[in-house]
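So the structure is just underneath, and the comments pick up after that.
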Amino acid sequence: MNFTVGFKPLLGDAHSMDNLEKQLICPICLEMFSKPVVILPCQHNLCRKCANDVFQASNPLWQSRGSTTVSSGGRFRCPSCRHEVVLDRHGVYGLQRNLLVENIIDIYKQESSRPLHSKAEQHLMCEEHEEEKINIYCLSCEVPTCSLCKVFGAHKDCEVAPLPTIYKRQKSELSDGIAMLVAGNDRVQAVITQMEEVCQTIEDNSRRQKQLLTQRFEALCAVLEERKAELLQALAREQEQKLQRVRGLIRQYGDHLEASSKLVESAIQSMEEPQMALYLQQAKELINKVGTMSKVELAGRPEPGYESMDQFTVSVEHVAEMLRTIDFQAGASGEEEDEEVALEGEEGSAGPEEERPDGPEGGARPLARVQKYTFPPAFTLGLGKTELGREVEEKPTGESG
């Protein structure tokens with residue numbers, strides 16, 4: 001059905017009055033504020049009844065004002081700016097009344113004779129019956145219509161109801177829907193806050209596990225370095241023993257060579273003696289010395305392969321293969337938990353405790369309490385008690401020094 005709009009002259013400045021009326025509309029019921037009007041900390045205004053409806057929807061466990069039990073207050077969000085309003089045990093009755101807005105409403109009502117939140121002297125007219133105002137609502141077709149349409153027109157067989165009744169009913173339904181939507185938004189915001197806390201906890205736990213992993217591998221490197229130093233020390237000892245033996249033989253052979261060379265030089269000089277008598281006086285002694293020197297037995301030379309150090313070869317293939325199999329294992333031992341506690345002790349009291357989500361008395365009702373998120377046991381690095389470096393043993397030397 002189509003409608004036409006009829007206007008009557010307005011008293012005063014209609015544009016200014018319309019702007020003023022828009023400022024006096026409650027964002028919950030979408031009607032002009034009904035006294036008492038309360039002002040929120042964010043400086044927005046609400047009807048106290050509408051504010052109480054939103055508050056009750058966000059805090060279903062909050063006791064009513066007439067209850068004998070003492071409530072601890074609650075919270076809800078401003079429907080205009082989403083600012084969180086924290087209330088004391090008096091609930092919305094503890095909010096300050098905005099007397100200025102109430103006085104402006106009184107003045108506006110005195111200056112205007114039109115119905116609240118309706119265009120001044122504006123009426124919808126029936127298109128089929130141009131002289132008839134729209135004053136009833138067809139429940140069957142769900143459209144507003146006029147009385148003549150019900151008696152003679154298209155809605156004569158339909159069920160109708162007074163227009164103000166349906167108007168109030170649908171306004172109430174819309175107001176309740178808005179309150180439920182606002183409460184639902186608060187719950188969604190609480191869930192978002194919980195998920196943000198879970199993200200932060202995941203980051204903290206990941207950082208802690210990375211530090212533990214780094215410590216474990218640094219400990220492995222320390223074991224390998226310690227074992228390497230021990231093996232190098234054993235190799236150095238064997239090297240020194242062999243060098244001392246060979247150098248001793250060198251000195252012994254050198255002394256023998258020097259003595260033999262001097263004896264040869266003396267024998268040659270004696271053979272150059274032209275006087276036979278003088279030669280014979282020294283020849284006997286020289287012949288004995290040469291014979292003795294030629295019969296001297298020197299210490300044996302190093303056996304073949306004495307210089308080899310192959311016995312100090314280590315096999316690390318199995319150790320390397322074992323290192324490649326290091327992975328996260330299920331279940332953390334008590335020793336690992338102690339290390340984690342020690343690591344947290346080093347970090348100290350880094351930051352305040354995590355804020356717990358608001359309960360039923362504190363605004364939005366969380367769907368589930370936030371638990372501290374921790375990595376599953378599968379991310380615990382298992383090294384056992386095996387000292388990898390202890391498995392690398394030096395081979396025994398084949399020969400003694």
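If you're wondering where the values come from, they're calculated on a predicted model, not measured in any experiment.
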Within a strict 4.5 Å, meaning less than it, do heavy atoms of the [X] and [Y] side chains meet?
X      : Y      : value
Leu235 : Met309 : yes
Gln170 : Tyr137 : yes
Glu196 : Gln200 : no
Lys210 : Ser206 : yes
Asn45  : Ile39  : yes
Phe33  : Asn98  : no
Lys171 : Tyr167 : yes
Arg82  : Val182 : yes

(message) Is there a side chain to side chain contact (heavy atoms under 4.5 Å, CB included) between Leu231 and Val314? Walk through the geometry before answering.
(response) CA-CA 9 Å; Leu231 296 181; Val314 294; 3.8 Å; yes

Output all residues satisfying salt bridge (charged side-chain N to carboxylate O under 4.0 Å, His left out) with [X], sequence neighbours left out; order by chain, then residue number.
X      : result
Asp255 : none
Arg251 : none
Glu285 : Lys289
Arg97  : Glu102

Where is the tightest heavy-atom contact between [X] and [Y], given as atom of each residue plus distance?
X      : Y      : answer
Cys146 : Ile134 : N-CD1, 4.1 Å
Val246 : Pro302 : CG2-CG, 4.1 Å
Tyr306 : Arg245 : CE1-NH1, 3.0 Å

What's the spacing between [X] [atom1] and [Y] [atom2] if we round to 0.5 Å?
X      : Y      : atom1 : atom2 : result
Leu323 : Thr325 : CG    : OG1   : 7.5 Å
Ile287 : Thr292 : CD1   : OG1   : 11.5 Å
Leu46  : Phe55  : CG    : CZ    : 13.5 Å
Leu174 : Arg169 : CG    : CZ    : 14.5 Å

(request) For side chain to side chain contact (heavy atoms under 4.5 Å, CB included), just list the numbers for Ile326 and Leu220, CA-CA rounded to whole Å, side-chain angles, deciding distance to a tenth of an Å, and then say yes or no. (result) CA-CA 11 Å; Ile326 294 177; Leu220 275 180; 3.8 Å; yes

(message) Checking Val290 against Met293 for the side chain to side chain contact (heavy atoms under 4.5 Å, CB included) test, could you report, in this order, the C-alpha distance in whole Å, the side-chain angles of both residues, the deciding distance, and whether it holds?
(response) CA-CA 5 Å; Val290 170; Met293 182 64 70; 5.7 Å; no

Listed by chain and number, what are the side chain to side chain donor-acceptor pair (under 3.5 Å) partners of [X], not counting sequence neighbours?
X      : result
Glu240 : Gln244
Asp106 : Lys35
Glu142 : none
Lys49  : Asp53

Okay, side chain of [X], backbone of [Y]: is any donor-acceptor separation there less than 3.5 Å?
X      : Y      : value
Asn103 : Leu99  : yes
Thr201 : Glu197 : yes
Thr313 : Asp310 : yes

With sequence neighbours excluded, residues passing side chain to side chain contact (heavy atoms under 4.5 Å, CB included) with [X]:
X      : answer
Asp176 : Ser172
Ile268 : Val264, Glu272
Pro164 : Pro162
Lys228 : Glu225, Leu232

(message) Counting neighbours of CD on Gln252 that are heavy atoms of other residues, nucleotides or ligands and sit closer than 6.0 Å, is the number greater than 12?
(response) yes

(message) Salt bridge or not between Lys262 and Glu258? Use side-chain N to carboxylate O under 4.0 Å.
(response)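 Yes, Lys262 and Glu258 are salt-bridged.
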
